[in-house]
Amino acid sequence: MTELCRADCAARDELDALAPLRDFFDLPDGLIYLDGNSLGPLPRPAITSVNRTLRTEWGQGLIGSWDLAGWWDKPLALGARIAPLIGARPEEVIVGDSTSVNTFKVVIAALRMRPDRRVVVTDRDNFPTDLYIIDSAAELAGDYSVRRVETPDDVAGAIDRSVALVALTHVDYRSARLHPMNEVTRTAHDNGAVMIWDLSHSVGSVPLAVDACDVDFAVGCTYKFLNGGPGSPAFVFAASRLHDAARQPLAGWHGHVRPFAFEPDYEPAPGIRRFACGTPPILSYASLEGSLEIWEHVEPAELFAKGQELCDLLIELLDPYFVPGQFELASPRDSRLRGSQVSLRHPQARSLLAALARRGVIGDYREPDVVRLGIAPLYLRFVDIWDAADAIRDVLSAGPVA
Ligand SMILES: *Cc1c(COP(=O)(O)O)cnc(C)c1O
């Protein structure tokens, strides 16, 4: 290890004004949870919120809760609370369905806006569900070709005036590398293409400014860094300048302008409501709503800066153990190019993770040889990073990972 010692990390925790945020979480004792980029842990306010929704709103309020408990407007109300975390206006975000389903909605909506163009640009390393949905939507929509670039650096060169849509994930799920949102969006627009960003690994972990970057559409998960609970509903952002023109394909009754008129023909609601489809899973909204309460106590910029400090610390502590071809950093070293995650490459990545789990450190594996460590600054301490690095060093020094 470097000159740094555990006491230095404890001292940083002592001075950390954000340290009390950890008390919002119900974390198992003795565990260092570095998998909050896959499934965030349970926030205590979510327990309260789910209990209230179950016992009072459903139990006592029954069907009246659609109005009286605000169930009908939850997709918009929670969207408005996510908006500041992505740099959007409250009326530009709606919560509902999964990221996969929402990707389908915005891809088709975007293709409909460029009927004279036939090319979609994405990135070969995009999250697989995004690739599958893009391919399926392009096939369904007609005679499209999907251009998958080999590396992030090839994106700009792949965008020309034949491109209808550029669809990318902002923070790469495997490496945590960031696409430069502002530059790529500008290149797309300069060529007349629509721009979609998947923010699943960005929201709640890095600063985002979708409006300032002039993004058209975005989608993202809420069960990762937002800690909304397993399968909590995803979100859609659509820039307000597009609301009147955008037509998403899943024309369900919750997106109708007059749902309770039960008319035979679809007429989309004005505004972001047109991205709704069917009846929302209210219990999942309740856990998400509880988790979002935490953000009222947070200055996001400060929190995200802490996330990068934690990542930098982990890289610094592991640096002496990196050996090319054996144990390598798989994330960018420069924090400006990286999400809140540190990925490592090791030929026995899976066994390394199992050995870490036996020492109480939970990370996850991604094909073919990647150890992913999600660094969530809401509940991780500097000493957790020290202890995780110590456990990794211990496993490596024990010889070949069995
Ligand atoms: C996690 C993740 C998803 C997951 O989509 P679901 O529909 O919630 O399963 C999609 N895209 C990206 C980039 C992700 O990281």
Side-chain angles (χ1 to χ4, degrees), residues 34-41 75 78-79 82 85-86 93-108 110 120-137 146 148-149 152 155 165-179 181 184 195-206 208 210 215 217-237 248-250 275-278 280-281 284-285 287-288 291 330-331 338-343 363-367 370 372-376:
L34 306 183
D35 220 347
N37 52 341
S38 241
L39 174 65
L78 296 196
I82 289 173
L85 296 176
I86 66 169
V93 183
I94 188 166
V95 171
D97 301 315
S98 65
T99 301
S100 303
V101 170
N102 288 335
T103 299
F104 181 75
K105 292 179 196 168
V106 296
V107 166
I108 296 280
V120 178
V121 169
T122 187
D123 166 355
R124 194 188 60 153
D125 290 330
N126 203 343
F127 191 81
T129 206
D130 298 59
L131 294 175
Y132 308 154
I133 297 276
I134 289 166
D135 277 355
S136 178
V146 177
R148 288 186 187 174
V149 303
V155 169
L165 163 66
V166 181
L168 296 169
T169 293
H170 178 232
V171 172
D172 182 272
Y173 74 102
R174 215 186 263 116
S175 67
R177 192 201 38 73
L178 281 172
H179 278 288
M181 180 179 287
V184 177
M195 185 75 227
I196 297 177
W197 289 103
D198 186 330
L199 305 178
S200 291
H201 277 280
S202 318
V203 65
S205 71
V206 294
L208 292 166
V210 290
V215 171
F217 299 105
V219 297
C221 295
T222 63
Y223 52 77
K224 295 174 177 169
F225 286 101
L226 292 184
N227 314 299
S232 61
F235 64 87
V236 178
F237 157 85
Q248 64 103 347
L250 301 179
F275 283 87
C277 182
S284 282
Y285 280 69
S287 61
L288 175 59
S291 77
S331 296
R338 188 182 67 216
S340 210
Q341 170 185 320
V342 173
S343 298
D364 70 16
Y365 173 75
R366 285 296 177 269
E367 292 288 345
V370 174
R372 275 196 334 167
L373 305 174
I375 307 298

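This chain uses plain numbering: 1 for the first residue, then up along the sequence. When a ligand or atom number is given, it counts from 1 through the structure's own listing order.
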Subject >> Nearest-contact summary for atom 5 (O) of ligand 1 - protein heavy atom, Å >> reply: T99 CB, 3.6 Å
**OP:** Report the part of C221 (side chain from C-beta onward, or backbone N, CA, C, O) that has a heavy atom under 4.0 Å from ligand 1; answer both or neither where that applies.
**Re:** side chain
Original post:
Do the side chains of F235 and L199 get nearer than 4.5 Å, heavy atoms only?
Top reply: yes
Original post:
Should F217 and K105 count as side-chain neighbours, where that means a heavy-atom distance under 4.5 Å?
Top reply: no
**OP:** Measure from atom 3 (C) of ligand 1 to every heavy atom in F127, Y173, F104 and give the option owning the shortest one.
**Re:** F127
**OP:** Drop me the distance from T122's OG1 to L168's CG, to the nearest 0.5 angstrom.
**Re:** 5.5 Å
**OP:** Return the option from R174, H201, K224 holding the heavy atom at the smallest distance from atom 14 (C) of ligand 1.
**Re:** K224
Original post:
Can you find a side-chain donor-acceptor pair between T222 and S232 that sits under 3.5 Å?
Top reply: yes
Original post:
Does D130 approach ligand 1 within less than 4.0 angstrom via side chain, backbone, both or neither, non-hydrogen atoms only?
Top reply: side chain
Original post:
Would a 4.5 Å heavy-atom cut-off, applied to side chains only, mark D172 and H201 as touching?
Top reply: no
Subject >> Per-atom contacts of ligand 1 with Y223, taking only distances under 4.0 Å to non-hydrogen atoms >> reply: 1 (C), 4 (C), 5 (O), 6 (P), 8 (O), 9 (O)
Subject >> Pair R177 + D125: basic N to acidic O under 4.0 Å >> reply: no
**OP:** Among all protein heavy atoms, pick out the one at the shortest distance from atom 7 (O) of ligand 1; state its residue, atom name and that distance to 0.1 Å.
**Re:** S100 OG, 2.6 Å
**OP:** Walk me through it: do S38 and R372 pass the test side chain to side chain donor-acceptor pair (under 3.5 Å)?
**Re:** CA-CA 10 Å; S38 241; R372 275 196 334 167; 3.1 Å; yes
**OP:** Do me a favour and list the nearest non-hydrogen protein atom to atom 13 (C) of ligand 1 with residue, atom name and distance?
**Re:** D198 OD2, 3.2 Å
**OP:** Determine whether the side chain, the backbone, both or neither of T169 has a heavy atom under 4.0 Å from any heavy atom of ligand 1.
**Re:** side chain
**OP:** Under 4.0 Å from a heavy atom of S98: give me the atoms of ligand 1 that qualify, with their elements.
**Re:** 7 (O)
